[in-house]
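Have a look at the structure below, then the notes.
The figures that follow rest on heavy atoms only: side chains count, while hydrogens, waters and symmetry mates do not. Just so we're on the same page: letters track the sequence lines, and every chain starts at 1.
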4 protein chains.
Amino acid sequence: MEPPTPHKRTGRPRSAEADRAILGATREALVELGWGKLTLSDVAARAGVAKTTLYRRWNGKNELVVDAIAALFEEQLDLPDLGSLHADIRGVVLRFAELLNRPAIRTGLMAVVAEATHDDALRLRIREAIVDRQKHLVLLGRHRAQQRGELPPDPPAPCDPALATRDADLIFDVIAGTVVHRVMISAAPVDDEWADRLALLLILGLTGVRS
Amino acid sequence: MEPPTPHKRTGRPRSAEADRAILGATREALVELGWGKLTLSDVAARAGVAKTTLYRRWNGKNELVVDAIAALFEEQLDLPDLGSLHADIRGVVLRFAELLNRPAIRTGLMAVVAEATHDDALRLRIREAIVDRQKHLVLLGRHRAQQRGELPPDPPAPCDPALATRDADLIFDVIAGTVVHRVMISAAPVDDEWADRLALLLILGLTGVRS
Amino acid sequence: MEPPTPHKRTGRPRSAEADRAILGATREALVELGWGKLTLSDVAARAGVAKTTLYRRWNGKNELVVDAIAALFEEQLDLPDLGSLHADIRGVVLRFAELLNRPAIRTGLMAVVAEATHDDALRLRIREAIVDRQKHLVLLGRHRAQQRGELPPDPPAPCDPALATRDADLIFDVIAGTVVHRVMISAAPVDDEWADRLALLLILGLTGVRS
Amino acid sequence: MEPPTPHKRTGRPRSAEADRAILGATREALVELGWGKLTLSDVAARAGVAKTTLYRRWNGKNELVVDAIAALFEEQLDLPDLGSLHADIRGVVLRFAELLNRPAIRTGLMAVVAEATHDDALRLRIREAIVDRQKHLVLLGRHRAQQRGELPPDPPAPCDPALATRDADLIFDVIAGTVVHRVMISAAPVDDEWADRLALLLILGLTGVRS
DNA sequence: CCATAAGCGAGACGGTACGTCACGTCTTGTA
DNA sequence: TACAAGACGTGACGTACCGTCTCGCTTATGG
């Protein structure tokens with residue numbers, strides 16, 4: 001994202017240690033205090049770093065927190081083939097819910113999303129750094145299901161290529177949105193039973209015919 | 001809503017006018033400034049009210065904004081009978097998306113949800129004041145569909161009554177969560193076409209049989 | 001001072017009980033909190049009275065406190081004849097110091113004096129209600145001393161009558177001022193020994209010749 | 001005055017300029033508004049300084065005003081040798097009265113003294129910052145008078161050293177207390193004639209023998 | 001004997017200042 | 001040049017009292 005530091009070679013180099021400590025301290029503080037109470041002075045103190053060091057690297061709370069949260073999503077969500085479309089959906093639902101239940105992610109993610117409602121650049125950054133990375137899971141799952149014969153193959157060629165991802169987008173919104181709503185708003189557990197029901201609803205929705 | 005009112009009938013009563021003015025000013029300020037820049041002093045000034053009056057009624061920004069937004073949802077609850085389950089779902093999806101696209105609601109709602117990730121009392125307040133009030137729409141829609149014969153009647157009696165609302169909860173999470181995700185995260189439009197596809201997926205998911 | 005209530009005879013009469021309770025509560029609060037922390041709401045609460053009742057009778061903190069303090073000085077200081085000028089001075093010094101060591105008087109008196117530095121009407125009121133009432137003690141003491149032969153008789157007549165009290169004023173300033181300074185500023189005890197020394201200094205100052 | 005200074009030498013040092021500006025603004029505001037209307041916000045604005053800077057250095061109105069007034073006394077301590085004990089006393093009395101007639105000092109000093117009646121720390125601060133600094137004038141005057149032969153030399157050695165200052169304390173209480181009482185309470189002028197009479201009384205009191 | 005008129009308790013109201021907090025910038029000295 | 005420390009100007013915070021204003025009730029007289 002950043003041209004790798006267009007940085008003069010003169011003077012004392014920036015401490016790489018500091019970056020790590022700051023991002024870690026930010027996540028820690030975010031979990032304990034939440035976005036609203038999070039203080040850059042406090043982050044600096046936790047990181048054993050001066051406030052100036054912090055402002056030298058980031059322009060403010062927003063940028064710092066987005067970077068701190070993005071790092072949590074670095075680990076790719078690669079789900080194993082569980083043998084059936086139902087099991088694959090169930091798996092991704094449970095995996096995602098588990099992520100959302102980690103306090104750092106829960107708080108940090110919602111905070112930046114909230115901030116993004118009036119900051120388009122931030123929203124773009126979130127989608128690129130966090131959301132879009134998960135979307136391939138939907139495509140992977142569909143591909144596997146088509147190979148297994150659980151879903152019909154894609155329609156031939158003529159279609160709009162944008163239309164090809166149209167369904168994937170809807171499904172992604174449904175899965176991600178539903179899980180987020182369940183966890184964040186309804187504050188209800190995402191257990192095996194619930195994941196089963198959601199998976200069933202989705203598969204029927206995609207493949208069913210009117211009874 | 002507050003039936004006990006353990007409030008003596010003594011002293012000068014609180015001005016109902018003030019409540020209206022404050023909530024209105026809050027929404028207005030929320031649109032113009034966004035959550036982060038919203039100031040209780042500013043709200044008070046807009047409402048022509050003293051800051052103290054504001055603190056006498058709410059405990060802070062969070063609660064005030066929740067109530068201000070809740071009032072917006074309250075106005076817009078009822079959906080007319082559109083003649084079919086598909087049309088009803090489509091209608092509620094479009095209606096909900098339209099609400100979420102109002103800047104005041106978009107910003108304010110996400111901000112309080114974000115705060116609620118580490119404040120259970122606030123989450124409860126949000127659910128009571130906003131979310132749960134929408135849930136009856138799901139029940140209403142199901143009832144209508146059953147009357148029309150589009151959905152089977154509820155299973156007899158013996159079932160767990162909690163189980164009776166279990167499905168409604170799932171459907172609510174799916175509709176609300178998907179629309180929110182579409183609008184807030186994917187930042188894609190909720191138009192007639194998309195609403196059609198979501199409604200179709202839901203109806204098939206609820207009534208379909210494996211093809 | 002007040003034309004005895006130019007008050008219509010209609011309506012419910014004011015509670016005399018309330019007046020007493022308020023003045024008492026004021027003194028009590030003054031001792032505990034001091035002028036700066038004393039609040040009219042608090043006084044009202046202590047007196048078991050509504051704030052409005054209080055404002056109906058006084059125009060503000062100043063007037064209330066002055067009245068409350070003035071009441072403390074109602075009791076005339078009448079010192080017995082102790083047999084010698086030295087003993088009389090000693091007696092008045094000790095008596096005055098004892099008054100100043102009562103917390104209510106110490107705090108209240110200084111508070112109104114401080115307020116009076118920029119309120120001439122208040123200063124006048126203080127002098128009339130409090131200070132001038134003590135001044136007769138000086139005249140009394142001088143008269144007794146002259147009778148005993150400890151002091152020469154007043155010069156005949158011709159002198160300016162204002163000049164007659166001139167010395168008394170100085171002596172009063174010396175006694176009162178010195179004791180106040182000792183107690184309030186130096187925060188040192190006024191004991192028999194100190195009172196002796198002050199009395200000696202005064203008597204020498206008034207009667208001595210250069211050694 | 002603050003010899004230990006347990007203050008690290010690190011960080012940006014406090015602006016000495018600010019101190020001067022604040023104390024000056026305090027005195028200015030004190031004259032214009034009086035103690036009661038004096039606002040720390042206002043002082044900060046006059047000094048061109050942030051409110052926080054002010055609170056970083058003082059704990060409140062009281063301490064600030066004490067220091068502001070103390071600075072006024074500091075400027076004006078030294079009294080020239082006027083050639084005789086009588087003239088020296090007269091000089092110090094007139095000088096002190098002149099100070100007390102400046103509105104800033106008159107109002108501010110009495111206000112903090114009043115507060116000090118229920119705040120021992122404040123009383124101590126007043127004594128250290130203001131009162132004790134004047135006391136050396138008494139010692140200086142006595143020393144000069146002894147050199148001139150107007151007063152007998154100090155008694156040899158054996159006496160209690162505390163006793164050495166005992167007389168000085170009494171004299172100081174008499175001079176300061178009497179002048180304060182004359183100015184503040186009696187509200188009468190301190191002119192040459194009055195100062196003469198007070199000086200005479202004191203000298204006789206110290207040196208006279210019974211006539 | 002009840003109507004008029006004030007007093008009274010409670011407490012909400014518009015203000016003003018408070019003292020605190022975090023922000024993001026700056027100025028030191030040291031590495 | 002980076003860095004730790006910490007003072008700085010700014011501006012919102014939430015609180016506390018001010019003095020005023022409704023309320024509904026009580027207590028006196030006077031028509």
Distance, rounded to the nearest Å, where D/Leu40 contributes CG and E/dG19 contributes C1': 9 Å
Atom-pair distance (NZ on A/Lys61; P on E/dA22), nearest Å: 10 Å
Side-chain N,O (D/Thr52) to OP1/OP2 (E/dG19) below 4.0 Å: no
Atom pair distance, as rounded to whole Å: CG in C/Asn62 and C1' in F/dG19: 14 Å
For atom CD1 of C/Ile22 and atom C1' of E/dC8, their distance in whole Å: 11 Å
Min side-chain heavy-atom separation B/Arg46-B/Glu32 under 4.5 Å: yes
Nearest-angstrom distance from the residue atom CD of C/Glu17 to P of F/dT27: 14 Å
Residue whose closest nucleotide on DNA chain F lies nearer the 5' end, D/Pro13 versus A/Ala16: A/Ala16
Base E/dC13 to side chain B/Arg12, donor-acceptor N/O within 3.5 Å cut-off: no
Nucleotide E/dG19, atom P - distance to CG of D/Leu64 in whole Å: 11 Å
Heavy-atom donor-acceptor pair, D/Lys61 side chain to D/Trp35 backbone, under 3.5 Å: yes
Of B/Ile69, B/Val65, B/Asp67, the residue whose pairing with B/Leu23 passes side-chain contact (heavy atoms from CB on, under 4.5 Å): B/Asp67
Closest to the A/Tyr55 side chain, choosing from E/dA10, E/dA12, E/dG24: E/dG24
Residue-phosphate contact under 4.0 Å: C/Arg14 side-chain N/O, E/dG7 OP1/OP2: yes
Short side-chain N/O contact to E/dC23 OP1/OP2 from A/Ser41, under 4.0 Å: yes
A/Trp58 CH2 to E/dT25 P, straight-line distance once rounded to whole Å: 16 Å
Sugar-phosphate, base or nothing in reach of D/Gly48, heavy atoms under 4.0 Å: sugar-phosphate
Separation between CG of C/Asp19 and CG of C/Leu54, rounded to the nearest 0.5 Å: 9.5 Å
Sugar-phosphate only, base, or nothing, as touched by B/Gly60 at under 4.0 Å among non-hydrogen atoms: nothing
Contact check, side chains of C/Thr39 and C/Val43, non-hydrogen atoms, under 4.5 Å: no
N/O (side chain, A/Arg56) to phosphate O (OP1/OP2, F/dC3) under 4.0 Å: yes
Salt-bridge contact D/Arg20-D/Glu17 (side-chain N to carboxylate O under 4.0 Å): yes
Nearest-angstrom distance from the residue atom CG of A/Leu54 to P of F/dA5: 14 Å
E/dG14 OP1/OP2 closer than 4.0 Å to side-chain N/O of B/Thr53: yes
Residue met sooner reading DNA chain E from 5', once A/Leu38 and B/Ala18 are mapped to nucleotides: B/Ala18
Under-3.5 Å donor-acceptor pair between A/Lys51 side chain and E/dG24 base: yes
Any C/Arg57 side-chain N or O less than 4.0 Å from OP1/OP2 of E/dC8: yes
